[in-house]
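Written out below as structure tokens is the structure these notes cover.
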Amino acid sequence: MPMRCLRFIAMCLSGFTLALPPSGWAGGAAYLRGMATGLQSPLEIVSAGDGNGRLFIVEKTGRIRVWRDRQLLPTPFLDLSGLVSTSSERGLLGLAFHPHFASNRFFFVFYTRALDGALTVARYQRDPSNPDVADPASGTILLMIAHSSFDNHNGGHVAFGRDGYLYIGTGDGGGGGDPFGNGQRRSVLLAKLLRIDVDSGFPYAIPPDNPFAGSSCGAGACPEIWAYGLRNPWKFTFDSLSGDLLIGDVGQDLWEEIDFQPFGSPGGHNYGWRCWEGNHVYSNTADDANPPTPCPPTNTLDFPVIEYGHDASGGKSVTGGYRYRGSRVVSLSGAYVFGDFVSGHIWSAQASVNGPWQVSPLMANVPLNPATFGQDEAGELYVAAYSSGQLLKLLPSIPSKDFNNDSFADLLWRRDVSGNVTAWFNDGSATPPGTAYGAADFAYSVAATGDFDGDGFDDVLWRRTTGEVLAWYLDALLRAD
């Protein structure tokens, strides 16, 4: 099957190093393609679920941006920068659209208040005449939690569960080692996963099946609590197929963890902090009181389904992700995709019937801090790189192998729009049309695939055994005979 390509640029220079985009790639099932740049410290990616195909991207500084038709719109959806403290881990941290957003236009934000860092959950409404703009005057504060002692460990994620209730993740109040003992204190709203009914009462109602419904913080158990014993549940998500809950809880000194709660199980789960960090004892006491509160028995705790250590193969700050329920990356079906903010590593994991989930080898790398994952309306996954301001999308890798059994790596492209395929049967000479550097007499292997030139079409990087590289920039006119 010969190949025709109407645009082809080759580079084959001794000692030349090609500057790849910082998204990295996967050698097997998937890779990350850059979709947008120019974001300012992105922290959240959310779909409104209203059929318009947009993504809404939260920036730490207080803006919500709209990504539509492969472009960032110049006008923010909402700008709350005047209300938000952004020191350290503070900022505009979370966004959730009401399950009936298409009809009621309600959405919810989580931010740290400029005055004192208080954790604030507020409801806003989309403009009735412009779907890409919110009404800044529609804000109503639903919940505010004091958080002035430290500016880290705020939590910040908000999401609706299949039950229609709004879940809110809060950190333990900051500092190191939970100095206030909030993880095991049920009389405070910090270090918790909260669950409220935003469709009843004012400013909200307590779901009747919350584990401490009917109690009060003053009586020793806040009724909003759904789960506790969390250090900093930076990202949690609900499986769009099963409704199961997965929580990425950022660790302290040595271990990062992912916690799991199956859909339909009752609330009241205790994930162990500060007594436990992952599957390992952190402290023998729940607080620093005099006398200190003893830790609960281990048989009353829930331990993580995934953990990894603070070493070169892991990282130091887990970014919880999603179970993949899209259709494009078939090999990842049902896998939980997650990453680490510090190392940039991204992995996938499959559920086990009993015990820890099976984590696959490193799948991709985002060196400039993967701060969040997000899903579009089709269930495809995206990643936001905090430091570089990029939006990246998880796509199937271009398969490469020795199709004609001549001991040289061949390559198969599939055109996104038409589905046509093109195969390049590499014979080791690697003499692409238009090259000015002569034939290469060593075999090339595929070093990377990705949209290197940002035109929305897959390109290929070959590396010769001598270290030279060859970049193929492909465009929409690629066809198969």
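In this chain, numbering begins with 1 at the start of the sequence shown.
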Side-chain touch [X]/[Y], heavy atoms, less than 4.5 angstrom:
X	Y	answer
Asp197	Tyr204	no
Leu119	Leu189	no
Val198	His98	yes
Val250	Glu256	yes
Pro304	Asn279	yes
Ile346	Phe338	no
Leu193	Pro233	no
Thr86	Glu59	no

Gap separating the [atom1] atom of [X] from the [atom2] atom of [Y], nearest 0.5 angstrom:
X	Y	atom1	atom2	result
Arg63	Ser41	CZ	OG	10.5 Å
Leu43	Leu95	CG	CG	11.5 Å
Leu245	Thr237	CG	OG1	7.5 Å
Leu190	Asn154	CG	CG	9.0 Å
Leu230	His153	CG	NE2	12.5 Å
Arg90	Phe150	CZ	CZ	11.0 Å

- Using the ring-ring contact (aromatic ring centres under 6.0 Å, His included) rule, take Phe260 and Trp357 through it: C-alpha gap first, then chi angles, then the decisive distance, then the call. CA-CA 10 Å; Phe260 175 77; Trp357 289 26; 5.5 Å; yes
Check for a donor-acceptor pair, side chain of [X] on one end and backbone N or O of [Y] on the other, with a separation under 3.5 Å.
X	Y	result
Asp287	Phe180	no
Asp178	Gly183	yes
Thr170	Ala191	yes
Thr112	Ser85	yes
Asn182	Arg185	no
Ser200	Ala205	no
Trp234	Ala371	yes

- Message: According to salt bridge (Lys or Arg N to Asp or Glu O under 4.0 Å), who are the partners of Asp239, at least two apart in sequence or on a separate chain?
- Response: Arg323, Arg325
Using the test side chain to side chain donor-acceptor pair (under 3.5 Å), find all partners of [X] that sit at least two apart in sequence or belong to another chain.
X	value
Asp259	none
Ser87	Asp151
Asp163	Tyr167, Arg195

- At their closest point, which heavy atom of Ser216 faces which heavy atom of Pro223, and how far apart are they? CA-CD, 3.8 Å
- Query: Please walk me through it: do Asp376 and Leu55 pass side-chain contact (heavy atoms from CB on, under 4.5 Å)?
  - Reply: CA-CA 7 Å; Asp376 64 19; Leu55 289 178; 4.0 Å; yes
Identify the residue among [options] that makes a side chain to side chain contact (heavy atoms under 4.5 Å, CB included) with [X].
X	options	result
Lys235	Val318, Thr372, Ile258, Leu246	Thr372
Ile145	Val188, Val121, Leu194, Thr120	Leu194
Trp67	Leu72, Leu39, Ile45	Leu72

- Query: Under the criterion ring-ring contact (aromatic ring centres under 6.0 Å, His included), which of Tyr165, Phe238, Phe108 is the partner of Phe160?
  - Reply: Phe108
- Query: Tell me, which pairs form a ring-ring contact (aromatic ring centres under 6.0 Å, His included) where one or both residues lie in residues 305-328, sequence neighbours left out?
  - Reply: Tyr308-Trp347
- All pairs passing ring-ring contact (aromatic ring centres under 6.0 Å, His included) where residues 358-380 contributes a residue, at least two apart: none
If only side-chain N and O atoms count, and only distance matters, is there a donor-acceptor pair under 3.5 Å linking [Y] with [X]?
X	Y	result
Gln261	Trp226	yes
Ser387	Asn369	yes
Asp249	Trp273	no

- Item | is_close_aromatic(Phe56, Phe107), centroid dist under 6.0 Å | no
- Lys393 bridged to Glu380 by N-O distance under 4.0 Å: no
- Would you check, one step at a time, whether the test side-chain hydrogen bond (donor to acceptor under 3.5 Å, both in side chains) holds for Glu377 with Asn52? CA-CA 9 Å; Glu377 292 175 351; Asn52 287 333; over 6 Å; no
- Message: side-chain hydrogen bond (donor to acceptor under 3.5 Å, both in side chains), that's the test. Do Arg274 and Thr285 meet it? Break it down for me.
- Response: CA-CA 8 Å; Arg274 76 171 195 181; Thr285 63; 3.0 Å; yes
- Heavy-atom count around Asn284 CG within 6.0 Å, excluding the residue itself: above 12? no
- Determine, stepwise, if the pair Gln71 / Asp69 fulfils side-chain contact (heavy atoms from CB on, under 4.5 Å). CA-CA 6 Å; Gln71 292 186 349; Asp69 300 327; 5.6 Å; no
- Evaluation steps, side-chain contact (heavy atoms from CB on, under 4.5 Å), between Glu44 and His157: CA-CA 9 Å; Glu44 184 64 288; His157 194 66; 2.8 Å; yes
- Please assess Tyr124 against Phe77 for the test ring-ring contact (aromatic ring centres under 6.0 Å, His included), listing each intermediate value before the final yes or no. CA-CA 11 Å; Tyr124 283 82; Phe77 181 66; 9.6 Å; no
- So which of Glu257, Glu277, Gln252 actually passes side chain to side chain donor-acceptor pair (under 3.5 Å) with Arg231? Gln252
- Item | Stepwise side-chain contact (heavy atoms from CB on, under 4.5 Å) test for Ile168 and Glu224 | CA-CA 10 Å; Ile168 304 162; Glu224 293 91 346; over 6 Å; no
- Query: Are Asn152 and Ser88 close enough, and set up right, to give a side-chain hydrogen bond (donor to acceptor under 3.5 Å, both in side chains), and what steps lead you there?
  - Reply: CA-CA 6 Å; Asn152 64 337; Ser88 184; over 6 Å; no
